[in-house]
2 protein chains.
Amino acid sequence: MESQHPNDCLYYLVTRVSLSLTSLLKKRLVESGCDFVKPAYIGVLLWLWMDDGMGTMLGKFGKDEGIKLNDLGKLAGLEPSSMTGLIDRMEKDGLAVRANDPKDRRVTNIQLTQKGINVRKHILEIMDTVTKEIFATIPKKQEDIALDVLKKILISASNLEKF
Amino acid sequence: MESQHPNDCLYYLVTRVSLSLTSLLKKRLVESGCDFVKPAYIGVLLWLWMDDGMGTMLGKFGKDEGIKLNDLGKLAGLEPSSMTGLIDRMEKDGLAVRANDPKDRRVTNIQLTQKGINVRKHILEIMDTVTKEIFATIPKKQEDIALDVLKKILISASNLEKF
DNA sequence: TGACAATATTACGTATACATATTATATGTA
DNA sequence: TACATATAATATGTATACGTAATATTGTCA
């Protein structure tokens with residue numbers, strides 16, 4: 001159990017990359033005049049955009065009235081208590097709104113505003129540009145493997161947390 | 001610029017994996033009686049442990065008196081303003097101490113306590129176990145590629161932030 | 001030496017996320 | 001129907017990280 005170099009440690013690498021990418025993305029968002037889209041919003045916006053206009057992409061979760069706050073949290077991997085503040089901030093920034101569910105008064109449905117829908121194209125372009133820059137010097141095959149491994153880690157980490 | 005599935009998005013994957021691994025690691029730390037080691041400490045502990053007893057591994061940064069708070073922050077990828085609170089908490093948990101630098105009174109040197117040195121073996125074992133579990137179903141070759149890509153992303157993200 | 005620039009650290013406010021407790025509502029069962 | 005239980009969301013306090021400003025110390029140059 002030798003003291004390995006931090007750069008050989010999965011946890012170290014993932015947390016530093018997460019911080020770096022968030023910092024870079026934030027900078028690009030501000031530069032392009034989209035400072036009302038905080039990096040943390042993107043984890044839920046990606047899911048909300050899949051439901052944009054169609055109400056089918058989210059499967060059993062998608063509804064005309066939006067999506068349940070709790071279900072959105074499950075999709076995005078966030079605790080309910082984290083969702084409250086996040087949706088508060090997204091409402092304040094005009095990207096989403098809360099709506100009461102007439103069938104279950106406990107439920108809060110989350111809907112995109114027109115602003116939240118319109119900003120999609122621009123944000124996806126920024127994300128795409130950043131990703132291309134990041135992977136510029138990395139062979140496509142390795143990029144694919146890395147993304148695939150990250151997907152698998154996400155699944156296995158979720159499973160391991162239950163025990 | 002289609003709305004891709006969140007799981008195909010680099011930023012989404014990295015941030016979710018970071019959250020998942022942090023949650024899993026925290027659980028294992030608490031279970032094993034090491035709740036005084038918070039996940040956030042590990043990013044700097046890994047660097048401090050490299051200097052344990054030898055004072056050479058950190059190159060020009062390593063000194064008998066510890067390592068400068070700012071230099072430690074640079075190694076761990078944290079802003080100076082983030083370091084203050086982090087070291088506060090590590091001192092409170094008995095893992096590190098601040099020491100004045102007699103040669104430059106602006107400087108605060110960070111030193112591991114005996115407790116911080118002793119806990120190394122146990123923490124590295126936990127990290128190793130978690131990593132093995134995470135990668136259990138992933139071919140070694142893909143694991144190596146993924147780690148290598150993460151290292152490269154860290155470098156390119158740092159470079160891109162300057163522009 | 002005295003003024004000014006550079007460096008190191010901290011202070012303060014904000015963003016992000018969690019755990020736990022609480023409130024409101026819904027559901028199942030006696 | 002009444003009560004126990006489950007579910008949805010929020011409130012509160014803490015951990016983590018950043019940006020900006022303030023403070024203290026040191027270095028530099030005229």
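Labels below follow one simple rule: chain letters A, B, ... track the order of the sequence lines, proteins then strands, and each chain is numbered from 1. Bear in mind that the values here come from a model prediction, so they are computed numbers and not experimental data.
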S.K.: Return the value, rounded to whole Å, for the distance between atom CG of B:L86 and atom C1' of D:dC18.
M.R.: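 Distance, rounded to whole Å: 13 Å.
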S.K.: Within the 4.0 Å heavy-atom criterion, would you say A:T108 contacts the bases, only the backbone, or no part of the nucleic acid?
M.R.: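 Sugar-phosphate contact only - A:T108 comes under 4.0 Å of backbone atoms but never of a base.
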S.K.: D:dG19 pairs with which nucleotide, Watson-Crick or G-U wobble, both distances below 3.5 Å?
M.R.: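 Across any shown strand, D:dG19 pairs with C:dC12.
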S.K.: To the nearest angstrom, how far is A:I42 atom CD1 from C:dA17 atom P?
M.R.: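 One finds 11 Å between P of C:dA17 and CD1 of A:I42, rounded.
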S.K.: Of the options C:dT16, C:dT10, C:dA26, whose atoms approach the side-chain atoms of A:D104 most closely?
M.R.: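 The closest nucleotide is C:dA26.
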S.K.: Would you kindly give the CG-to-P distance between A:D93 and C:dA15, to the nearest whole Å?
M.R.: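 Taking atom P of C:dA15 as the reference, CG of A:D93 is at 8 Å.
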S.K.: Quick one: pull up CD1 in A:I126 and CD1 in A:I42 and give me the separation to the nearest 0.5 Å.
M.R.: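 Rounded to the nearest 0.5 Å, the CD1-CD1 separation comes to 8.0 Å.
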S.K.: For B:E79 and C:dG13, what is the distance between atoms CD and P respectively, to the nearest whole Å?
M.R.: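 Computing the B:E79:CD to C:dG13:P distance gives 20 Å.
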S.K.: Nearest whole Å is fine: how far is C:dA15 P from A:Y41 OH?
M.R.: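 Rounded to whole Å, this separation is 7 Å.
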S.K.: Is there a side-chain contact between A:R105 and the phosphate of D:dT7, meaning an N or O under 4.0 Å from OP1 or OP2?
M.R.: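 False: A:R105 side-chain N/O out of range (4.0 Å or more) of D:dT7 OP1/OP2.
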S.K.: So if I take every side-chain heavy atom of B:A40 and compare against C:dA19, D:dA9, D:dA17, which nucleotide ends up nearest?
M.R.: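 Closest nucleotide among those given: D:dA17.
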S.K.: Tell me the interatomic distance from B:L29, atom CG, to D:dA15, atom C1', rounded to whole angstroms.
M.R.: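 The distance from CG of B:L29 to C1' of D:dA15 comes to 14 Å, rounded to the nearest Å.
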S.K.: B:N70 side chain N/O closer than 4.0 Å to the phosphate oxygens (OP1, OP2) of C:dT9?
M.R.: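 Yes, because at least one side-chain N or O of B:N70 sits under 4.0 Å from OP1 or OP2 of C:dT9.
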S.K.: Measuring from A:W49:CH2 to A:R120:CZ, what's the distance to the nearest 0.5 Å?
M.R.: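 Taking CH2 in A:W49 and CZ in A:R120, the distance rounds to 8.0 Å.
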S.K.: Expressed in angstrom and rounded to an integer, what is the separation of B:R106 atom CZ from D:dT26 atom C1'?
M.R.: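 After rounding, the gap between these two atoms is 4 Å.
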S.K.: Nearest whole Å is fine: how far is C:dC18 P from B:L24 CG?
M.R.: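 Checked: the CG to P distance equals 14 Å.
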S.K.: If you count the non-hydrogen atoms of other residues, nucleotides and ligands that lie under 6.0 Å from CG in B:N100, is the total more than 12?
M.R.: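 No, the 6.0 Å shell around CG holds no more than 12 heavy atoms from other groups.
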